[in-house]
Amino acid sequence: MAMSEQDKGYFARRAAEEAEQALSATNPKARESHLRLQRVYTERASIGDRSPEQLEGQD
């Protein structure tokens with residue numbers, strides 16, 4: 001089953017929120033954590049619910 005546009009939008013919003021948190025973080029470890037979460041949310045928003053196996057060989 002494909003991920004809904006609503007779900008993709010949620011992950012995109014969360015990625016944006018994490019980016020903002022990273023910019024305002026004063027603690028380097030907190031900044032790093034927010035950036036890591038941003039990448040995960042961005043990836044999820046862009047690939048949806050496809051499994052890593054489905055993505056192999058698409059490079």
Side-chain angles (χ1 to χ4, degrees):
M1 183 166 93
M3 182 183 290
S4 73
E5 290 303 313
Q6 182 178 5
D7 289 342
K8 289 179 185 180
Y10 167 79
F11 289 118
R13 281 191 304 280
R14 290 294 294 126
E17 291 170 3
E18 291 298 336
E20 289 177 22
Q21 291 291 324
L23 288 174
S24 64
T26 57
N27 181 299
K29 290 192 182 279
R31 182 179 302 114
E32 180 181 326
S33 294
H34 287 297
L35 290 173
R36 189 176 307 124
L37 284 168
Q38 179 204 14
R39 285 190 296 272
V40 170
Y41 283 126
T42 299
E43 181 177 324
R44 189 62 193 253
S46 65
I47 67 167
D49 58 357
R50 291 178 282 172
S51 69
E53 294 81 22
Q54 291 173 310
L55 297 172
E56 287 181 11
Q58 292 186 1
D59 297 330

**Request:** Determine, step by step, whether Gln38 and Tyr41 satisfy the side-chain contact (heavy atoms from CB on, under 4.5 Å) criterion, reporting the C-alpha distance in whole Å, the side-chain angles of both residues, the deciding distance to 0.1 Å, and the verdict.
**Result:** CA-CA 5 Å; Gln38 179 204 14; Tyr41 283 126; 6.0 Å; no

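- Rounding to the nearest 0.5 Å places OG of Ser46 at 9.0 Å from NZ of Lys8.
- Here CG of Leu37 is found 11.0 Å from CD of Glu32. Values are rounded to the nearest 0.5 Å.
- The residues Arg14 and Glu18 are annotated as salt-bridged, a charged nitrogen and a carboxylate oxygen being separated by less than 4.0 angstrom.
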**Message:** Set out, in order, the CA-CA distance, both residues' side-chain angles and the distance that settles side-chain contact (heavy atoms from CB on, under 4.5 Å) for Leu35 and Arg31, then state yes or no.
**Reply:** CA-CA 6 Å; Leu35 290 173; Arg31 182 179 302 114; 4.2 Å; yes

